[in-house]
Asker: 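Next up is a structure, given as structure tokens.
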Amino acid sequence: MIINKPMTRRQFLKLCGLACTSLAFQKYIDDISVDPGDLARVSTTKVSVYSKPSDKSEIKFQRYRDELIHIYYEVISEDGPSYNPLWYRVWGGFIHSAHLPKVKVQHNPVLSSVREGGQLVEVTVPFSQAMIYNKQSGWAPVYRLYCGSNHWITDVIEGPDGDPWYKILDDLLKIYYYAPAAHYRPYREDELTPISPDIPLEKKRIEISIANQTLKAYENDTIVLDTKISSGIPRSPYSTSSISTETPKGKFNINSKMPSKHMGDGNLTADPEAYELPGVPWVSFFETETGVACHGTYWHNNFGVRMSHGCINMRNEEAQWLYRWTMPIISPTEWHKVGYGTLVIVS
């Protein structure tokens with residue numbers, strides 16, 4: 001238990017500088033009652049609202065990062081784009097779906113205690129503001145943890161607002177931060193158990209087509225998963241980095257798996273536009289030199305076009321299925337598994 005002087009909600013918000021985000025958002029998600037499929041979050045700097053489901057039509061106005069938008073219905077536009085012609089009808093017009101991942105608004109029962117060794121949880125609200133604590137400066141905001149991201153919790157404490165908060169271990173920084181416990185749903189063990197573990201290693205394979213932006217999983221010659229993905233973007237001729245952002249081609253094997261991985265530089269004060277992704281879910285690494293993996297994606301909805309820094313972006317539910325289906329087999333309580341696993345062919 002963290003011991004700190006009692007703090008009023010007003011003092012807490014003033015200290016954290018979150019009066020216009022955390023509390024307002026909390027009240028909003030407490031009051032709202034919608035089908036989760038009817039709500040999306042703007043996951044980029046801004047998106048345009050068009051008069052028609054076409055980027056050739058008039059732009060009415062913009063919506064900005066982390067704004068929540070109600071979706072009235074979906075439209076498959078004849079004007080495309082061809083790789084992803086899905087548009088959303090929203091208030092005032094239409095927005096292309098690329099940077100509008102759908103989000104949940106779900107509060108969860110709070111665990112009275114956390115399993116020894118940690119427990120895997122998912123964020124089930126559009127975003128959850130994490131806080132860090134030290135004796136010198138008290139509480140301060142760090143990352144926003146987004147809907148669909150996974151995290152390891154190790155304890156339940158009393159948070160700065162008097163409510164239960166979970167203690168979260170960041171696997172990259174090896175530090176703890178804290179967030180409201182009701183925003184996180186613990187995974188059941190049956191959601192993490194292997195899929196078809198009786199199929200021999202040599203009978204499973206994954207084929208990824210960069211040209212078609214597809215991933216197919218096979219058991220013998222039977223396709224058991226066929227989906228659109230987003231691979232690495234082509235390397236910019238103006239880039240000064242020595243690390244390629246294209247997905248490497250060749251034959252590989254899954255060699256490392258993690259249900260949650262902080263990808264990025266670990267900058268606690270990173271700009272919202274920076275590459276900083278705590279809690280990337282269902283990570284199955286297959287290329288070790290630069291760390292290329294198949295994994296879930298909570299920051300875009302633009303599958304069928306190159307979007308990543310080299311990894312294979314997948315829809316969360318499909319990445320979870322692949323994580324459970326591939327070898328090496330990882331148990332529900334393991335944070336990390338290394339071993340010789342399923343064949344991956346990238347062409």
Side-chain angles (χ1 to χ4, degrees), residues 1-13 15-19 21-33 36 39 41 66 68 103-134 138-192 259-262 268 277-281 296 298 316 320 332-333 335:
M1 179 73 69
I2 288 180
I3 299 175
N4 197 15
K5 286 186 176 181
M7 184 185 302
T8 67
R9 185 179 292 270
R10 180 179 297 274
Q11 290 170 328
F12 170 58
L13 293 171
L15 173 65
C16 303
L18 299 175
T21 55
S22 183
L23 182 58
F25 171 71
Q26 182 64 57
K27 185 178 188 322
Y28 178 73
I29 63 175
D30 284 343
D31 294 344
I32 198 168
S33 179
L39 196 65
R41 175 182 68 86
D66 287 352
L68 302 181
V103 294
K104 300 177 184 178
V105 181
Q106 174 185 314
H107 283 188
N108 305 282
V110 177
L111 297 174
S112 58
S113 61
V114 176
R115 181 175 58 204
E116 185 177 356
Q119 190 142 355
L120 187 69
V121 298
E122 67 163 335
V123 180
T124 61
V125 294
F127 58 80
S128 180
Q129 180 63 58
M131 307 285 290
I132 198 167
Y133 175 83
N134 66 63
W139 292 91
V142 281
Y143 301 119
R144 280 184 173 180
L145 306 180
Y146 288 104
C147 187
S149 61
N150 284 354
H151 305 274
W152 285 101
I153 61 171
T154 61
D155 200 2
V156 187
I157 67 155
E158 181 180 315
D161 58 358
D163 291 334
W165 285 36
Y166 286 140
K167 184 178 183 179
I168 300 169
L169 178 60
D170 187 293
D171 66 283
L172 177 63
L173 300 174
K174 307 304 181 186
I175 63 169
Y176 292 101
Y177 35 75
Y178 307 83
H183 295 177
Y184 298 80
R185 183 187 73 87
Y187 282 98
R188 304 185 311 272
E189 187 165 323
D190 64 284
E191 297 177 276
L192 305 172
S260 170
K261 175 64 178 170
H262 183 158
L268 287 172
L277 301 170
V280 175
Y298 57 77
N316 274 6
Q320 181 179 5
T333 59
W335 293 48

Asker: For Tyr176, give me all partners under side chain to side chain donor-acceptor pair (under 3.5 Å), at least two apart in sequence or on another chain.
Answerer: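 Side chain to side chain donor-acceptor pair (under 3.5 Å) check on Tyr176 returns nothing, list empty.
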Asker: Is there a side-chain contact between Pro186 and Leu111, using heavy atoms and a 4.5 Å cut-off?
Answerer: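 They are in contact (side-chain heavy atoms under 4.5 Å apart), so the answer is yes.
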Asker: Contact between Val123 and Tyr184 at the side-chain level, heavy atoms closer than 4.5 Å - yes or no?
Answerer: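 Touching, per the 4.5 Å side-chain cut-off.
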Asker: Between Ile175 and Leu268, does a side-chain contact (heavy atoms from CB on, under 4.5 Å) hold up when you go through it step by step?
Answerer: CA-CA 11 Å; Ile175 63 169; Leu268 287 172; 4.0 Å; yes
Asker: Parallel under 30°, tilted from 30 to 60°, perpendicular over 60°: which one fits the rings of Tyr177 and Tyr143?
Answerer: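 Correct class here is perpendicular.
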Asker: Over all heavy atoms of both residues, which pair between Tyr187 and Val121 is shortest? Give the atoms and the distance, please.
Answerer: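 Residues Tyr187 and Val121, closest heavy atoms: CE1-C, 3.8 Å.
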Asker: Give the minimum heavy-atom separation between Pro332 and Arg115, together with the two atoms involved.
Answerer: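 Looking at all heavy atoms of both residues, the shortest contact is O-NH2, 4.2 Å.
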Asker: Which is it for Asp155 and Ile157 under the side-chain contact (heavy atoms from CB on, under 4.5 Å) test, yes or no, and what are the steps along the way?
Answerer: CA-CA 7 Å; Asp155 200 2; Ile157 67 155; 4.3 Å; yes
Asker: Not counting sequence neighbours, list each pair that qualifies as a salt bridge (charged side-chain N to carboxylate O under 4.0 Å, His left out) and has a residue in residues 168-184.
Answerer: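 Residue pairs with at least one partner in residues 168-184: Asp171-Lys261.
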Asker: Of the non-hydrogen atoms in Pro141 and Gln129, which two are nearest, and what is the gap between them?
Answerer: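 That closest heavy-atom pairing would be CB-NE2, 3.5 Å.
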Asker: Does Trp335 use its side chain to pair, donor to acceptor, with the backbone of Gly117 at less than 3.5 Å?
Answerer: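 Yes, because the side chain of Trp335 sits within donor-acceptor range (under 3.5 Å) of the backbone of Gly117.
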Asker: Which distance, rounded to the nearest 0.5 Å, do you find between the CG of Leu145 and the NE2 of His262?
Answerer: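 With rounding to 0.5 Å, CG (Leu145) is 9.5 Å from NE2 (His262).
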Asker: Mind checking whether Gln320 and Glu122 have side chains closer than 4.5 Å, heavy atoms only?
Answerer: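 No - every pair of side-chain heavy atoms lies 4.5 Å or more apart.
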Asker: Quick one: list whatever passes salt bridge (Lys or Arg N to Asp or Glu O under 4.0 Å) with Glu191, sequence neighbours left out.
Answerer: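 If we apply the salt bridge (Lys or Arg N to Asp or Glu O under 4.0 Å) test to Glu191, skipping adjacent residues, the hits are Arg185, Arg188.
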Asker: Which residues pass the salt bridge (Lys or Arg N to Asp or Glu O under 4.0 Å) test with Arg41, not counting sequence neighbours?
Answerer: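 For Arg41 the salt bridge (Lys or Arg N to Asp or Glu O under 4.0 Å) partners, ignoring immediate neighbours, are Asp66.
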Asker: Any non-hydrogen side-chain atom of Ser113 less than 4.5 Å from a side-chain atom of Val156?
Answerer: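 In short, these two side chains do not touch, never coming nearer than 4.5 Å.
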Asker: Got a sec, which residues hit side-chain contact (heavy atoms from CB on, under 4.5 Å) with Pro281, two or more places apart in sequence or on another chain?
Answerer: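 Testing Pro281 for side-chain contact (heavy atoms from CB on, under 4.5 Å), a comparison that skips the adjacent residues, returns Asn150, Tyr298, Asn316.
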Asker: Search all heavy atoms of Ser149 against all heavy atoms of Pro278 and return the closest pair with its distance.
Answerer: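 Reported closest heavy-atom pair: CB-O, 4.0 Å.
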Asker: If the condition is side chain to side chain donor-acceptor pair (under 3.5 Å), which residues does Gln106 pass it with, not counting sequence neighbours?
Answerer: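 So Gln106 forms a side chain to side chain donor-acceptor pair (under 3.5 Å) with Asn108.
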Asker: Nearest 0.5 Å, what's the OG-CG distance between Ser260 and Leu169?
Answerer: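 Here the interatomic distance stands at 9.5 Å.
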Asker: What's the spacing between Thr124 OG1 and His183 NE2 if we round to 0.5 Å?
Answerer: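 That separation rounds to 8.0 Å.
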Asker: Can Trp152 and Leu120 be said to form a side-chain contact (heavy atoms from CB on, under 4.5 Å), step by step?
Answerer: CA-CA 5 Å; Trp152 285 101; Leu120 187 69; 3.9 Å; yes
Asker: Can you tell which of Trp165, Trp139, Tyr166 makes a ring-ring contact (aromatic ring centres under 6.0 Å, His included) with Tyr178?
Answerer: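 Exactly one candidate clears the test, Trp139.
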